[in-house]
Amino acid sequence: MTEIKVAVIPGDGIGKEVCKEAIRVLNRVSELDGRMSFTFTEFPWGCQYYLETGEMMPKDGIETLKAYDAILLGAVGYPGVPDHISLRDLLLRIRHDFDEYVNLRPVKLLKGAYCPLKDTPREDIDMIFVRENSEGEYAGSGAWLYPDSEQEVVIQNGVFSRKGCERVIRYAYELARKEKKTLTSVSKGNALNYSMVFWDKIFKEVGEEYPDVETHTLLVDAASMFMVKDPKRLQVVVTSNLFGDILTDLGAAISGGMGLAAGANLNPERKFPSMFEPIHGSAPDIAGKGIANPLATIWAASQLLDFFGYEDWGAKIIACIEKMLTEKISLTPDQGGTASTEECGKALTALLG
Ligand code: NAD
Ligand code: IPM
Ligand code: MN
């Protein structure tokens with residue numbers, strides 16, 4: 001029996017509510033399967049912790065997490081703590097320090113999920129975003145000069161290293177090859193004359209090793225337009241940290257909403273734990289009401305199962321989500337239902353068998 005040690009950081013707002021349901025699902029999978037067992041260790045880190053201690057996590061937090069095989073994260077950020085502190089000191093810190101350089105975000109319109117695009121066949125929305133997740137516009141490099149004076153200047157650097165670009169682009173080529181899909185690189189070389197020209201060059205260079213993969217390149221503005229007007233043009237997509245962040249919220253909007261959007265922060269070499277999370281935030285507007293949709297976090301749990309080699313269970317979870325959506329079983333209000341977070345999570349667990 002393989003033991004998978006999961007560190008759980010429920011975080012803030014609805015993060016706490018949705019994590020519980022993903023844990024319920026993973027425990028049921030291990031009961032039914034018998035090949036693996038999960039242990040869950042919860043860490044109370046987040047904005048409340050910050051207000052009590054002055055830190056988002058303890059100084060040795062990263063060291064502590066190294067002992068785990070994976071991290072399940074709810075959401076981070078809440079009114080009362082500035083976002084640039086809460087996110088940089090916890091979520092972004094983990095992505096960076098654990099070299100989780102691939103952020104894998106499916107944008108797939110599941111059967112039964114609502115799509116606001118008129119006349120778009122369901123199967124046209126089936127993308128997988130490979131978002132660079134360790135540097136780029138999120139590198140945190142810059143300066144704030146002469147604050148509160150007339151000369152005030154801020155500088156936010158984008159950091160694009162050869163190693164950083166090559167490895168994520170190579171990951172995307174491998175994925176496209178494996179899945180027999182086209183690969184689209186999304187960049188913005190017409191305006192960002194250093195970073196994105198460099199990105200495009202590396203995309204071409206790495207591509208020489210993959211003559212069998214059909215490639216396309218799109219400027220990010222055009223890519224966002226095509227995601228709405230002709231989404232089938234995009235299959236595997238590789239892009240920078242910031243562009244990937246923005247485009248995957250657009251992706252969520254065309255594939256059932258934030259309650260159905262998941263992401264895996266992967267360290268493909270498995271030197272450090274990978275982290276699985278919904279892409280939504282703490283949703284202060286609905287936090288504490290018990291109505292948050294847990295399916296995005298449950299989808300992230302299915303990505304966890306895929307990552308550890310249990311793709312059969314990963315696929316089974318997605319099939320159960322589709323069944324709930326098509327038969328309108330225990331859906332939360334964002335999906336037009338009246339179920340609570342817990343009822344939704346329990347219904348999915350029951351469908352597993
Ligand atoms: P949000 O994703 O929290 O909420 C946006 C909207 O989507 C809200 O109306 C919310 O009710 C709805 N929504 C989100 N998830 C839902 C779910 N599971 N079920 C039903 N409805 C859902 O984005 P925001 O309001 O811009 O951010 C709130 C806080 O979360 C901020 O502090 C932000 O920085 C942070 N944030 C964190 C993460 C993360 O931890 N990965 C991601 C995004 C935002
Ligand atoms: C996401 C979030 C984060 C990001 C924020 C909260 C820093 O929006 O995971 O998409 O921009 O990566
Ligand atoms: Mn985002």
Side-chain angles (χ1 to χ4, degrees), residues 9-22 45-48 50 56-57 71-96 100-107 113-114 129 131-140 156 239-253 255-266 275-301 321 331-345 348:
I9 306 175
D12 303 311
I14 63 167
K16 298 192 185 79
E17 303 164 34
V18 293
C19 269
K20 269 197 197 121
E21 302 312 314
W45 304 338
C47 288
Q48 190 55 39
Y50 179 88
M56 288 299 292
M57 67 171 147
I71 302 165
L72 176 69
L73 185 130
V76 180
Y78 215 70
V81 181
D83 265 359
H84 67 276
I85 294 178
S86 56
L87 274 311
R88 286 221 77 88
D89 289 358
L90 187 54
L91 175 76
L92 297 179
R93 174 94 195 276
I94 295 171
R95 286 182 186 165
H96 174 270
E100 294 168 348
Y101 62 86
V102 169
N103 190 192
L104 207 57
R105 295 188 160 183
V107 172
Y114 171 72
F129 273 75
R131 168 193 180 192
E132 203 294 319
N133 209 33
S134 66
E135 53 170 33
E137 307 88 343
Y138 280 48
Q156 185 92 45
T239 191
S240 73
N241 211 331
L242 180 62
F243 293 170
D245 173 48
I246 298 167
L247 291 178
T248 52
D249 259 40
L250 175 57
S255 59
M258 295 308 279
L260 278 178
N265 304 274
L266 303 180
M275 178 164 67
F276 302 83
E277 54 164 346
I279 83 166
H280 62 71
S282 59
D285 53 343
I286 56 165
K289 296 187 179 157
I291 55 165
N293 188 347
L295 294 176
T297 317
I298 290 171
W299 191 331
I321 295 177
L331 297 175
T332 47
D334 61 302
Q335 300 298 316
T338 55
S340 67
T341 307
E342 188 175 304
E343 284 163 350
C344 180
L348 191 128

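Any value given below was found using the heavy atoms of this structure, including those in side chains, with hydrogens, waters and symmetry copies removed. One-based numbering, in listed order, for ligands and for the atoms of each. Just so it is clear, the model here is predicted, and its values are computed rather than measured.
The backbone N or O of E135 sits less than 3.5 Å from a side-chain atom of N241, completing a donor-acceptor pair. A distance-only check finds no donor-acceptor pair linking the side chain of D12 to the backbone of V76 [under 3.5 Å]. Side-chain atoms of E137 come within 3.5 Å of backbone N or O of L242 as a donor-acceptor pair. Listed for the E17 side chain is a donor-acceptor partner under 3.5 Å among the backbone atoms of G288. Without hydrogens or angle criteria, S282 side chain to G77 main chain gives a donor-acceptor distance under 3.5 Å. The backbone N or O of A292 lies less than 3.5 Å from a partner atom in the side chain of T341, making a donor-acceptor pair. No side-chain donor-acceptor contact under 3.5 Å links T248 to the backbone of G251. With N103 contributing its side chain and A264 its backbone, the two residues share a donor-acceptor pair below 3.5 Å. Proximity of a side-chain donor or acceptor of Q335 to a complementary backbone N or O of T332 within less than 3.5 Å is not detected.
Listed by chain and number, residues touching ligand 1 at under 4.0 Å (heavy atoms only) are I14, A75, V76, G77, Y78, D83, L87, L91, M258, G259, E277, I279, H280, G281, S282, A283, P284, D285, I286, A292, N293, D334.
Cation-pi geometry between R131 and Y138 is satisfied (NZ or CZ under 6.0 Å from the ring centre, within 45° of the ring normal).
Side chains of Y50 and D89: no donor on one and acceptor on the other come within 3.5 Å.
Contacts between R131 and ligand 2 below 4.0 angstrom, taking non-hydrogen atoms only, involve the side chain exclusively. Neither the backbone nor the side chain of H280 comes within 4.0 Å of ligand 2, counting heavy atoms alone.
The protein heavy-atom contact nearest to atom 7 (C) of ligand 2 is L87 CG, 3.8 Å. In this structure, atom 11 (O) of ligand 2 lies nearest to the protein heavy atom Y138 OH, 2.5 Å. Taking atom 10 (O) of ligand 2 as the reference point, the nearest protein heavy-atom neighbour is D245 OD1, 2.8 Å.
Every atom of ligand 2 with a heavy atom of R95 under 4.0 Å away is listed here by number and element: 1 (C), 4 (C), 9 (O), 12 (O).
For the Mn ion (ligand 3), the neighbouring protein N/O/S atoms at less than 2.8 Å, given as residue and atom, are D245 OD1.
No option in E277, E100, R105 other than E277 meets the side-chain hydrogen bond (donor to acceptor under 3.5 Å, both in side chains) test with N265.
Using 4.0 Å as the threshold, R105 has a heavy atom nearer than that to some atom of ligand 2.
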Evaluate the side chain to side chain contact (heavy atoms under 4.5 Å, CB included) criterion for residues V102 and N133: first the C-alpha distance (whole Å), next the side-chain angles of each, then the deciding distance (0.1 Å), finally the verdict.
CA-CA 6 Å; V102 169; N133 209 33; over 6 Å; no
